[in-house]
Protein chains: 2
Amino acid sequence: MTTIIDVAKKAGVSKSTVSRVVSNKGYVSQETRQKIEKAMHELGYIPNMLARNLQSGLTKTIAFISHDFNQHTSIFLNAFTKTALNHDFYVNLYVTGGDKDKELDALNLMKYKQVDAIFIFTRSNSWDKIIPFKKFGPISTWHRIDSPDIYSSYVNQYESYLMSLEFLLTRDYQSIGHILGDENNKNTIARIKALNHFYDYHPELKKDCDWIFVNSSHLNTGRDIAKKWASSIHKPDALVFYTDFIAAECISELQLLGIKVPEDLGIMGFDNSTISEIVHLTTVDCHLETQALNCFNYLHSQLKQLDFKPKDITQDLVIRSSTK
Amino acid sequence: MTTIIDVAKKAGVSKSTVSRVVSNKGYVSQETRQKIEKAMHELGYIPNMLARNLQSGLTKTIAFISHDFNQHTSIFLNAFTKTALNHDFYVNLYVTGGDKDKELDALNLMKYKQVDAIFIFTRSNSWDKIIPFKKFGPISTWHRIDSPDIYSSYVNQYESYLMSLEFLLTRDYQSIGHILGDENNKNTIARIKALNHFYDYHPELKKDCDWIFVNSSHLNTGRDIAKKWASSIHKPDALVFYTDFIAAECISELQLLGIKVPEDLGIMGFDNSTISEIVHLTTVDCHLETQALNCFNYLHSQLKQLDFKPKDITQDLVIRSSTK
DNA sequence: TTGTATGCGTTATCAC
DNA sequence: GTGATAACGCATACAA
């Protein structure tokens with residue numbers, strides 16, 4: 001391994017001068033610069049990032065923490081990584097599998113100086129446990145959290161959920177089933193609020209509490225929901241899911257059961273992820289790419305002390321044939 | 001920031017003794033160990049990875065290079081990252097977007113000591129350009145390559161393709177269309193060989209060259225293939241795709257066109273990825289998780305000078321309702 | 001069992 | 001403009 005010292009010897013200068021050339025800082029005369037560049041070239045000199053990192057105290061690396069990496073993660077991850085690379089930042093992956101301790105290990109990496117900042121895609125620990133890590137560096141997430149310490153690119157699912165329900169009404173769906181996420185999730189709470197308001201606005205519609213599911217229930221997969229629907233006597237004529245994949249699973253199972261979408265049952269998803277196009281799912285596009293951009297830009301601005309203006313995120317209905 | 005020097009002062013010992021405690025190497029008496037641990041705790045000492053990395057010359061990080069991260073990548077990525085983390089290794093992502101120069105930048109990271117090893121998921125440069133990087137550290141891939149310098153976990157797609165075609169024959173499909181990947185890809189070459197042998201074995205079947213597509217053609221997406229099929233006069237009664245996602249796109253478009261799968265047209269995929277279950281796709285499971293395991297274990301064994309025995313990878317037909 | 005001295009490769013701070 | 005020297009924080013031969 002050749003170092004700046006080797007280059008310095010070969011070029012007959014001091015290592016500080018070589019460093020100036022390598023890092024392109026400070027004054028070096030044309031003459032000596034060329035001498036040094038020639039020596040660097042001949043020796044095949046390669047700067048050592050490890051030494052640079054130690055010196056600067058920075059790694060130019062951001063941790064991306066998630067339970068796992070599946071089709072649900074990939075849109076976001078792809079956008080995030082692309083943006084990061086464009087800004088000369090690396091993205092380090094940490095799969096926690098939903099394990100709280102592993103998640104804390106991952107969060108600890110920032111204080112060990114292994115990474116400069118953290119993005120949280122999914123988490124198991126409470127925000128109260130996570131927020132203290134802020135003192136070691138910036139943290140962002142796409143989940144809904146109201147904290148001055150952690151940036152969140154969340155979209156208001158109250159609005160989009162109301163929009164989805166009103167849309168179903170225009171398509172003449174009268175009784176609607178609701179498949180919601182984790183009950184403690186703020187998005188879920190916002191959706192429940194929207195749902196209640198929706199029924200307040202439309203007293204003619206009946207709210208069927210048997211068809212409001214939260215993730216904590218036994219019916220976790222879309223396939224379970226489909227089976228439940230098929231075997232029920234009182235059944236809604238439309239189902240709204242909190243995420244596309246579960247909706248896609250449901251459609252898939254409905255096909256096996258010979259139930260027609262959207263004639264027998266209308267289905268709506270959320271996210272406009274790749275799979276939604278495959279299964280013709282009506283859904284809401286919440287522009288994950290833009291969210292990823294905002295999440296990275298926040299971290300970047302914190303690290304470089306730039307000011308940060310998030311891009312506006314709209315929520316747009318994407319109408320496909322899973323609804324009438 | 002507190003360092004081992006601070007701890008040493010507080011505990012009244014030398015920094016080397018502290019280092020021994022921190023890194024858990026060498027002899028330290030119970031007594032002084034406790035003194036040091038107490039001091040570490042009181043000062044809230046945190047070891048600095050940057051310094052450790054410089055000292056060891058290692059980052060415990062592996063680069064994962066891919067054109068992008070989509071549903072196609074996620075199974076592999078997930079398995080790879082999980083395995084890596086279990087062995088205390090980090091995974092760094094490099095999205096190249098198919099750009100040759102960006103890919104070379106990513107490969108260069110190993111010589112800059114930014115990563116210890118490299119896994120290549122997708123590539124743009126020729127192997128000849130990639131192989132020289134081997135001298136900076138181990139490289140593995142899941143693509144088919146026969147080189148002593150790069151480990152490959154590839155499965156023999158000649159066998160699996162022949163298996164797929166023979167299976168279709170048992171289901172009474174007589175004329176088969178073939179959708180293949182990049183023409184320079186070794187997997188594609190293996191598939192073409194299998195295809196030719198298949199027609200040699202079964203002279204009663206006619207080989208329709210109009211229905212053998214390689215990726216370089218204009219028909220890139222599954223939707224294009226579906227439209228082409230719908231508008232053709234001479235059409236095969238089954239299509240075999242080189243990857244599930246394109247097959248899923250095709251099924252999706254066929255549904256829009258009112259064409260029945262498997263009655264009007266049988267469809268087969270390859271990979272057994274998540275999407276295949278959603279769209280009821282008959283496919284081949286080539287155990288990506290095991291391949292990812294092998295790819296990581298190879299790199300790990302090279303870095304730690306262990307011996308490496310890859311796990312056997314079988315290819316299993318997964319029969320769903322996209323075929324009769 | 002512990003301390004001393006030196007190295008890892010680079011950058012920053014001074015003089016000159 | 002350039003060069004000596006000291007950081008950066010830790011690890012490790014070697015001496016004691």
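Small disclaimer: the values here were computed from a predicted structure and weren't measured. So that the names make sense, note that chain A is the first sequence line, chain B the second, and so on, each numbered from 1. Hydrogens, waters and symmetry mates play no part in the numbers below; they use all other heavy atoms, side chains included.
The CG atom of A/Leu43 sits 15 Å away from the C1' atom of C/dG9 (whole-angstrom rounding). For the pair B/Met40 CE and D/dC10 C1', the interatomic distance rounds to 14 Å; values are reported in whole Å. For the pair B/Lys25 NZ and D/dC10 C1', the interatomic distance rounds to 12 Å; values are reported in whole Å. Rounded to whole angstrom, the span from the CD1 atom of A/Ile36 across to the P atom of D/dG3 amounts to 8 Å. To the nearest angstrom, P of C/dT11 lies 11 Å from CG of A/Asn24. A/Gln30 has its CD atom 10 Å from the P atom of D/dT2, to the nearest Å. Distance, A/Glu31 CD to D/dT2 C1': 13 Å, rounded to whole Å.
Among the nucleotides D/dG9, D/dA4, C/dT2, the one closest to any side-chain atom of B/Thr3 is D/dG9. Proximity note for A/Ile5 (side chain, C-beta onward) versus C/dT13, D/dG1, C/dT10: the nearest is C/dT10.
The nearest pair of heavy atoms linking A/Thr2 to A/Leu43 is CG2-O, 3.6 Å. Nearest approach of B/Cys295 to B/Ser140, heavy atoms of both residues: O-OG, 3.2 Å.
The shortest side-chain heavy-atom distance between B/Arg52 and B/Val22 falls under the 4.5 Å cut-off.
Mapping A/Thr2 and A/Arg20 onto DNA chain C via the closest heavy atom, the residue that lands nearer the 5' end is A/Thr2. Each of B/Val22 and A/Gly26 lies near DNA chain D, and the nucleotide nearest A/Gly26 is the one positioned closer to the 5' end. Annotation: of the two residues near DNA chain C, B/Thr32 and A/Ile4, the 5′-most nearest-nucleotide partner is B/Thr32.
A donor atom on one side chain and an acceptor atom on the other are found under 3.5 Å apart for A/Ser14 and A/Thr17.
Ring geometry for B/Phe121 against B/Phe64 counts as parallel: the plane angle stays under 30°, on a 0 to 90° scale with 60° as the upper cut. Using a 30° and 60° split on the angle between ring planes, B/Phe296 and B/His300 fall in the parallel class, below 30°.
Heavy atoms of B/Ser23 sit under 4.0 angstrom from primed sugar atoms or phosphate atoms, though from no base atom. Among the heavy atoms of the strands lying under 4.0 Å from B/Ser16 is at least one base atom, whether or not backbone atoms are also near. B/Val18 comes within 4.0 angstrom of nothing in the nucleic acid, heavy atoms only. If you check every strand for non-hydrogen atoms under 4.0 Å, A/Lys15 touches a base. Contact annotation for B/Ser19: base contact, defined as any heavy-atom pair under 4.0 Å involving a base atom.
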Intermediate values then yes/no, ring-ring contact (aromatic ring centres under 6.0 Å, His included), B/Phe119 and B/Phe76: CA-CA 11 Å; B/Phe119 171 75; B/Phe76 210 101; 5.2 Å; yes

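A salt bridge links A/Glu42 with A/Lys38; the closest basic N to acidic carboxylate O contact falls under 4.0 Å.
Contact check of residues 45-60 of chain A against DNA chain D (heavy atom, cut-off under 4.0 Å) returns A/Leu54, A/Gln55.
Under 3.5 Å, the side chain of A/Arg33 and the base of D/dG1 form no donor-acceptor pair of N or O atoms.
Distances shown here put a side-chain N or O of A/Thr17 below 4.0 Å from the OP1 or OP2 atom of D/dG3.
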